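Worksheet: the structure to be examined is printed underneath.
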There are 2 protein chains.
Amino acid sequence: MRPRRADVLRAARDLIDNEGLDGLTILALAAAMGVPPDGLPYPSRQALLEGVADELLSALAEPPPAGPWDQRLITLAHRLRRALLSLRDGPRLVAEAAVTDPETMHAARTGMQILVDAGLPPDRAAWTVLAVIQFVVGHTIEEQAPRDDTPAKLAATTGDDAAVELGAALTADPGRRFEFGLALIVDGIRRLFQSPA
Amino acid sequence: MRPRRADVLRAARDLIDNEGLDGLTILALAAAMGVPPDGLPYPSRQALLEGVADELLSALAEPPPAGPWDQRLITLAHRLRRALLSLRDGPRLVAEAAVTDPETMHAARTGMQILVDAGLPPDRAAWTVLAVIQFVVGHTIEEQAPRDDTPAKLAATTGDDAAVELGAALTADPGRRFEFGLALIVDGIRRLFQSPA
DNA sequence: ACCTGAACACCGTTCAAGT
DNA sequence: ACCTGAACACCGTTCAAGT
């Protein structure tokens with residue numbers, strides 16, 4: 001009989017964690033579950049990837065607790081980052097599966113509500129929350145990218161102060177760098193509230 | 001004899017433009033050039049991808065013209081966006097090849113210099129320019145993602161005002177949305193200059 | 001009707017066989 | 001030494017053959 005979706009998704013996550021996103025193949029997954037390649041409850045690899053991505057982002061379902069809008073937005077961004085990093089190659093997966101998938105849209109709606117509640121016009125709130133999501137996606141992609149020694153080499157060969165500083169930044173605690181970048185955007189949003197509609 | 005790197009890169013770009021990034025295969029490329037699969041001047045597909053990515057970003061070599069730091073930084077960000085969008089699946093390519101590849105580092109160094117010239121401490125300048133790059137990467141990934149009808153469907157099924165607004169934002173002119181998000185970050189950087197070191 | 005397992009047309013990479 | 005072209009171990013997807 002066909003394995004259940006929940007079990008397949010769990011096995012798929014295990015495969016990705018152990019072998020990376022490229023290691024998640026229909027053949028390997030089917031073999032692990034003891035079924036033929038077309039015995040999985042997903043019609044294609046793409047559909048399977050969307051299933052995994054959707055589950056990954058389901059952690060964003062509930063809105064952050066009440067409080068000042070900036071703290072709520074920051075909490076939401078942290079949750080999104082956590083969700084994307086909770087699985088190996090997670091950012092790549094979500095980027096490839098679909099940035100506009102239902103669960104991402106759900107998170108976007110939550111973020112938008114936070115800003116609208118705080119008094120921002122709906123159109124600005126939508127554009128703003130999309131910018132935040134794009135920063136989070138870009139940041140996590142860089143975070144999970146295989147860290148080669150290019151920055152160090154570049155710094156050594158050029159003897160350039162700027163290159164050295166960039167290398168240091170790239171090897172710094174990614175969490176603190178994330179907060180720094182997020183704070184930049186939030187400061188920008190603050191100005192948005194002060195400027196006329 | 002082996003084809004020259006420049007010719008191979010041009011053929012690779014053509015293949016990507018016509019078939020997408022997944023259509024760029026060693027076999028297809030070799031066939032198009034009339035050489036065996038191992039007759040290409042790149043030892044592996046990964047090396048080839050890095051070559052294409054590097055060339056894509058070489059447009060960022062020269063620093064933007066002199067002027068106020070915010071205008072210079074905005075120009076650089078626009079150039080990065082243009083470069084990433086100049087090839088089909090460009091953002092995906094760069095994200096997969098390596099965010100820390102030499103040419104990206106070069107662009108980062110240029111951006112850092114702009115901020116240091118304007119008086120920002122080097123460590124803050126490095127963190128800031130990385131945040132800008134991450135936003136640009138995230139934004140272009142979303143821009144080039146296959147646009148399905150999820151937002152519209154979501155809006156229709158939920159009858160939710162927020163969903164409608166998000167759908168409108170996603171179908172709005174991406175260039176204007178990019179400028180809006182970039183302006184948010186630049187406003188945040190402005191505050192950075194005003195706050196004590 | 002359903003599960004089985006092979007087959008199809010690919011892929012990246014390697015290698016022996018010729019000149 | 002070098003170019004040739006097949007072979008290797010895969011991949012996603014499909015399908016005929018059995019029960």
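Every heavy atom of this structure was used, including side-chain atoms; hydrogens, water molecules and symmetry mates were not. Throughout, a chain's letter reflects where its sequence line sits, starting with A, and its residues are numbered from 1. Predicted, not measured: the structure shown is a model, and the values here were computed from it.
Ring-centre distance between B:His78 and B:Phe178: below the 6.0 Å cut-off.
For B:Arg79 (side chain) and B:Leu60 (main-chain N/O), no donor-acceptor pair under 3.5 Å exists by modelled atom type. Not one N or O on the side chain of B:Thr140 forms a donor-acceptor pair closer than 3.5 Å with the backbone of B:Glu143. With A:Arg45 contributing its side chain and A:Leu24 its backbone, the two residues share a donor-acceptor pair below 3.5 Å.
Follow the hydrophobic side-chain contacts under 4.5 Å out from A:Ile26 and you reach A:Val35 in the same cluster.
For A:Gln134, the side chain to side chain donor-acceptor pair (under 3.5 Å) partners are B:Glu142, not counting sequence neighbours. Scanning for side chain to side chain donor-acceptor pair (under 3.5 Å) contacts around B:Asp117 gives B:Gln113, with sequence neighbours left out.
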Symbol by symbol from the 5' end, with Watson-Crick or G-U pairs under 3.5 Å, [ ] crossing and | another strand, DNA chain C is ||.|||||...|||||.||
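Contact check of residues 27-41 of chain A against DNA chain C (heavy atom, cut-off under 4.0 Å) returns A:Pro36, A:Asp38.
Looking at heavy atoms from C-beta onward, A:Leu192 lies in side-chain contact with A:Leu120 at the 4.5 angstrom threshold.
Of all heavy-atom pairs between B:Gly23 and B:Ala28, the closest is O-CB, 4.4 Å.
Running 5' to 3' along DNA chain C, contacts with non-hydrogen atoms of chain A at under 4.0 Å begin and end at C:dC3 to C:dG5.
Among pairs with a residue in residues 8-37 of chain A, those fulfilling side chain to side chain donor-acceptor pair (under 3.5 Å) read A:Asp7-A:Arg10, A:Arg13-A:Glu55, A:Asp22-A:Arg92, at least two apart in sequence or across chains.
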